[in-house]
Amino acid sequence: MTGKESIEIAQQRAMDRTDQEIITKTIEEGVETAWDRFALQQPQCGFGQLGVCCNNCAMGPCRIDPFGGKTSRGVCGADVDTIVARNLLDDLCVGAAAHSDHGREVVEVLLETAEGKAQGYQITDVEKLTVLAKEYGIKTDGRDPKDVAKDLAIGILEEFGTVKNRLQLSERAPEPTREIWKKAGVMPRSIDREIVEAMHRIHMGVDADYVNILLHAMRTSLSDGWGGSMAATECSDILFGTPTPITSITNLATLSKDKVNIVLHGHNPLLSQIIVNTAEDAELKRLAEEKGAKGINLVGMCCTGNELLMRSGIPIAGSFLDQELAIATGAVEAMIVDYQCIFPSVPATASCYHTKVITTSSKAKIIGASYMEFNPENAVDTAKSIIKLAIENFPNRNPDRVRIPERPMKLMAGFSEETIRKALGGSYKALIDAIVAGTIKGCVGIVGCNNPRIKQDYGHITLAKELIKRNILVVETGCSAIACGKAGLLVPEAASLAGEGLASVCKLLGIPPVLHMGSCVDCSRILVLAANIAKELGVGIGDLPIGGAAPEWYSQKAVSIGTYFVSSGVYTVLGIPPKIFGSSNVLNLLADGLKGITNSAFAVEPDPVKAADLLEAEINRKRKALNI
Ligand code: XCC
Ligand code: SF4
């Protein structure tokens with residue numbers, strides 16, 4: 001392949017200049033990436049894409065003929081609606097479990113911190129601790145924050161179980177929204193219970209009514225958004241601080257030519273935040289110099305990266321499809337991973353260079369990686385050993401194979417719900433006034449991943465630009481926020497790309513038109529934002545002129561996020577079709593039938609400009625209903 005050809009392929013694969021540069025390098029060096037594997041998988045199974053195959057039991061696998069042929073039922077007799085709905089619930093409950101199990105670990109560390117058993121942790125945000133304690137009916141006056149934290153951690157751990165059957169955090173939702181949940185029978189009862197019940201229902205011969213299955217999918221997703229994910233966000237804030245506006249840099253140019261590069265990848269801030277705190281250690285800095293480096297350069301990736309960016313301003317090298325590219329720069333001494341969204345092939349990629357991959361969770365080991373188990377009791381010691389290992393690997397870097405792109409992009413992050421509210425003067429009145437006046441038409445949350453089905457970041461960037469042009473404020477989490485960060489949309493200067501009304505508000509407040517609200521569990525911040533605005537207006541979330549979008553999603557977690565958005569009343573447009581097109585009944589219910597229940601629904605629209613049209617139309621419909 002000529003150099004020109006590999007550049008052309010890189011330009012088809014990704015939007016970002018630094019990504020394109022390194023994709024070209026992978027092609028030239030013959031280093032395999034997800035794009036190559038995606039090409040090798042073509043054509044992908046049509047039955048699978050439609051959601052009509054079932055491999056749930058040993059009488060199968062079964063597949064239904066989508067064209068109405070003889071095989072209209074599986075061996076057990078399940079029809080296409082049952083199979084499609086059950087597969088969707090399966091995906092969703094895996095995603096909800098991932099978010100919630102992450103949440104549980106954070107709550108457990110909060111408990112251990114309160115008990116003085118965790119090394120290097122402290123109660124950082126006492127204000128937030130107090131707010132939550134009050135919600136849980138825990139006394140705070142005159143008490144040591146540690147005692148309060150202990151009661152709170154136990155209170156939140158009870159949300160996972162089955163004794164209470166009432167999810168405290170879900171009471172943050174406005175009353176009209178909770179009424180809808182009650183009426184539909186989807187009020188979440190506990191975090192683990194809904195997930196376990198989902199798995200029970202998926203078993204052969206349990207739930208065969210697609211409507212009933214989808215209603216439980218809604219309930220399970222709500223126990224994630226208003227439960228597991230929210231617990232993760234809130235307890236991470238208590239431990240590490242609630243984010244406030246912070247500036248940093250992004251893209252692959254954040255890697256350093258002369259420092260030890262450590263990439264922190266995955267989702268949970270528990271270890272990575274301790275690594276950030278520990279990297280300041282003088283002894284480690286000295287060791288780095290001894291090994292010929294000018295220091296230690298920590299960069300984030302995916303949602304662990306978002307957590308560190310939001311709270312500590314750690315540069316973020318990239319999103320989901322950047323994990324292999326970071327390694328392919330040849331400049332990464334160590335990639336530290338916790339869990340979720342980590343390609344199982346990362347050690348294979350690393351073996352093409354000197355990079356060491358270090359797994360840290362007993363739940364997420366990968367053959368070929370070094371395993372250094374993280375435990376809160378000795379988190380600082382583990383962090384030190386990990387950083388040492390990276391430093392000692394620095395002399396193995398081969399300068400002839402290193403290529404680091406130039407010019408990182410500036411970005412602003414740190415927009416927690418509390419920060420947005422404070423910036424507006426303590427309540428949402430100013431924002432509501434701007435929405436009523438039409439200066440800002442509404443608000444859309446763009447979330448989710450990258451997916452090699454679509455040019456990396458194209459969906460996120462195009463949709464965000466379209467929306468802000470139409471005076472619709474954009475809030476983002478996850479890889480979506482990283483995409484727009486790389487594209488320069490997360491700086492106050494990007495207000496010049498917004499419509500006149502939105503631009504004037506951004507200039508007044510000195511904020512970007514696209515606000516980075518955090519990691520994927522921080523989609524719960526978007527829920528709280530919507531809930532608090534709705535409460536001030538005295539309406540349900542489904543009445544607000546807002547929307548959601550996941551233009552490039554890939555993950556089961558995104559299925560859960562999209563569903564709790566819609567179940568909470570937020571109309572949500574997906575850029576990648578979910579695997580439900582084999583059942584017109586399931587499709588119709590999710591794209592239409594739900595409107596009668598939650599006043600919101602799913603839409604599928606791969607073209608981001610048309611997705612913006614759909615979102616704008618929905619916002620206008622809701623504005624009209626509110627008489628504004
Ligand atoms: Fe993973 Fe959260 Fe998706 Fe990115 S956006 S690919 S889930 S890292 Ni959550
Ligand atoms: Fe086939 Fe039914 Fe078993 Fe699924 S549950 S594999 S449809 S027999």
Side-chain angles (χ1 to χ4, degrees), residues 34 47 51-65 71-87 90-91 94-96 98-99 102 201-208 213 224-225 229 232-233 264-269 300-310 316-323 337-343 445-454 456-457 459-460 476-485 516-524 526 549-562 574-576 582:
F47 293 98
V52 298
C53 57
C54 179
N55 204 3
N56 282 3
C57 86
M59 293 188 283
C62 305
R63 53 190 201 186
I64 305 300
D65 183 344
T71 52
S72 65
R73 289 184 184 269
V75 177
C76 68
D79 66 9
V80 75
D81 299 332
T82 303
I83 289 175
V84 168
R86 221 165 40 185
N87 285 342
D90 195 338
D91 280 353
V94 169
H99 281 149
H102 158 179
R201 289 180 187 226
I202 292 164
H203 190 278
M204 151 44 207
V206 185
D207 209 349
I213 293 170
D224 169 4
S229 283
T233 297
L264 300 156
H265 175 25
H267 280 79
N268 198 319
M301 179 144 291
C302 286
C303 285
T304 286
N306 280 327
E307 298 273 352
L308 304 174
L309 167 68
M310 290 286 283
I316 190 155
S319 54
F320 183 55
L321 284 175
D322 289 317
Q323 52 189 302
V337 304
D338 45 74
Y339 42 51
Q340 298 167 24
C341 301
I342 294 142
F343 287 145
I446 310 180
V447 304
C449 328
N450 293 140
N451 184 324
R453 287 182 199 288
I454 168 169
Q456 185 190 14
D457 300 342
H460 297 298
E476 294 195 320
T477 61
C479 290
S480 183
I482 304 170
C484 288
H516 190 333
M517 290 190 76
S519 64
C520 294
V521 293
D522 292 340
C523 287
S524 66
I526 300 178
E552 305 180 27
W553 72 279
Y554 93 87
S555 139
Q556 293 115 311
K557 293 178 286 174
V559 177
S560 181
I561 296 173
L574 305 175
I576 307 277

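Computed from heavy atoms alone, side chains included, the values below leave out hydrogens, waters and symmetry copies. Note that ligands are numbered from 1 as they come in the structure, with each ligand's atoms numbered from 1 the same way. Keep in mind the model is a prediction, meaning the values are calculated, not measured.
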(request) Going by heavy-atom distance to atom 1 (Fe) of ligand 1, choose the closest among S319, C341, A98. (result) C341
(message) At less than 4.0 angstrom from any non-hydrogen atom of G448, what atoms of ligand 1 do you find?
(response) 5 (S)
(request) Identify, by atom number and element, the atoms of ligand 1 in contact range of K557, meaning under 4.0 Å from any of its heavy atoms. (result) 7 (S)
(request) Could you list the atoms of ligand 1 found under 4.0 angstrom from a heavy atom of C302? (result) 8 (S)
(message) At less than 4.0 angstrom from any non-hydrogen atom of H267, what atoms of ligand 1 do you find?
(response) 1 (Fe), 2 (Fe), 8 (S)
(request) Would you check if the side chain of T477 reaches a backbone N or O of V447 as a donor-acceptor pair within less than 3.5 Å? (result) no
(message) Can you report which non-hydrogen protein atom sits closest to atom 4 (Fe) of ligand 2, along with the distance?
(response) C54 SG, 2.3 Å
(message) Taking W553's backbone N and O only, do any of them form a donor-acceptor pair with N451's side chain (distance below 3.5 Å, no angle check)?
(response) yes
(request) For M59, take its heavy atoms, then give the atoms of ligand 2 lying under 4.0 Å from any of them. (result) 8 (S)
(message) If I take atom CG from residue D90 and atom CD1 from residue I213, how far apart are they, to the nearest 0.5 angstrom?
(response) 11.0 Å
(request) Indicate whether any N or O donor in one side chain lies under 3.5 Å from an N or O acceptor in the other, for D338 and H102. (result) no
(request) Please report the closest heavy-atom contact between Q323 and C341, naming both atoms and the distance. (result) NE2-O, 2.9 Å
(request) Among all protein heavy atoms, pick out the one at the shortest distance from atom 3 (Fe) of ligand 2; state its residue, atom name and that distance to 0.1 Å. (result) C57 SG, 2.3 Å
(message) Within this structure, what is the NE2-OG distance for the pair H460 and S319, rounded to the nearest 0.5 Å?
(response) 7.0 Å
(request) For atom 5 (S) of ligand 2, state which one of R73, R86, H203 supplies the nearest heavy atom. (result) R86
(request) Between R63 and ligand 2, find which residue part has any heavy-atom pair under 4.0 Å and reply side chain, backbone, both or neither. (result) neither
(request) Tell me which protein heavy atom sits closest to atom 1 (Fe) of ligand 2, plus the residue, atom name and distance to 0.1 Å. (result) C62 SG, 2.3 Å
(request) State the atoms of ligand 1, each with its element, that fall below the 4.0 Å cut-off from a heavy-atom position in C303. (result) 2 (Fe), 8 (S), 9 (Ni)
(request) Give the C-alpha distance, both sets of side-chain angles, the deciding distance and a yes or no for side chain to side chain contact (heavy atoms under 4.5 Å, CB included) between V521 and H267. (result) CA-CA 9 Å; V521 293; H267 280 79; over 6 Å; no
(request) Please write down residue, atom name and distance for the protein heavy atom closest to atom 3 (Fe) of ligand 1. (result) C449 SG, 2.4 Å
(request) For atom CZ of R201, decide whether the heavy atoms of other residues, nucleotides or ligands shown that lie under 6.0 angstrom number more than 12. (result) yes
(request) Between W553 and ligand 1, find which residue part has any heavy-atom pair under 4.0 Å and reply side chain, backbone, both or neither. (result) neither
(request) Give a yes or no answer on whether the side chain of N306 reaches the backbone of G478 with a donor-acceptor pair at less than 3.5 Å. (result) yes
(message) Looking at atom 2 (Fe) of ligand 2, is there an N, O or S atom belonging to C76 that lies under 2.8 Å away from it?
(response) yes
(message) Regarding D224 and S229, do their side chains bring together a donor and an acceptor under 3.5 Å, going by distance alone?
(response) yes
(request) Any chance you could measure C54, atom SG, to R73, atom CZ, to the nearest 0.5 Å? (result) 13.5 Å
(request) Would you kindly specify which portion of Q340 sits under 4.0 Å from ligand 1, judged on non-hydrogen atoms: side chain, backbone, both or neither? (result) neither
(request) For F320, take its heavy atoms, then give the atoms of ligand 1 lying under 4.0 Å from any of them. (result) 6 (S)
(message) Closer than 2.8 Å to atom 4 (Fe) of ligand 1: does that hold for any N, O or S atom in C479?
(response) yes
(message) Is it true that N450 and E552 share a donor-acceptor pair across their side chains at a distance under 3.5 Å?
(response) yes
(request) Considering only non-hydrogen protein atoms, determine which one is nearest to atom 9 (Ni) of ligand 1 and report residue, atom name and distance to 0.1 Å. (result) C520 SG, 1.6 Å
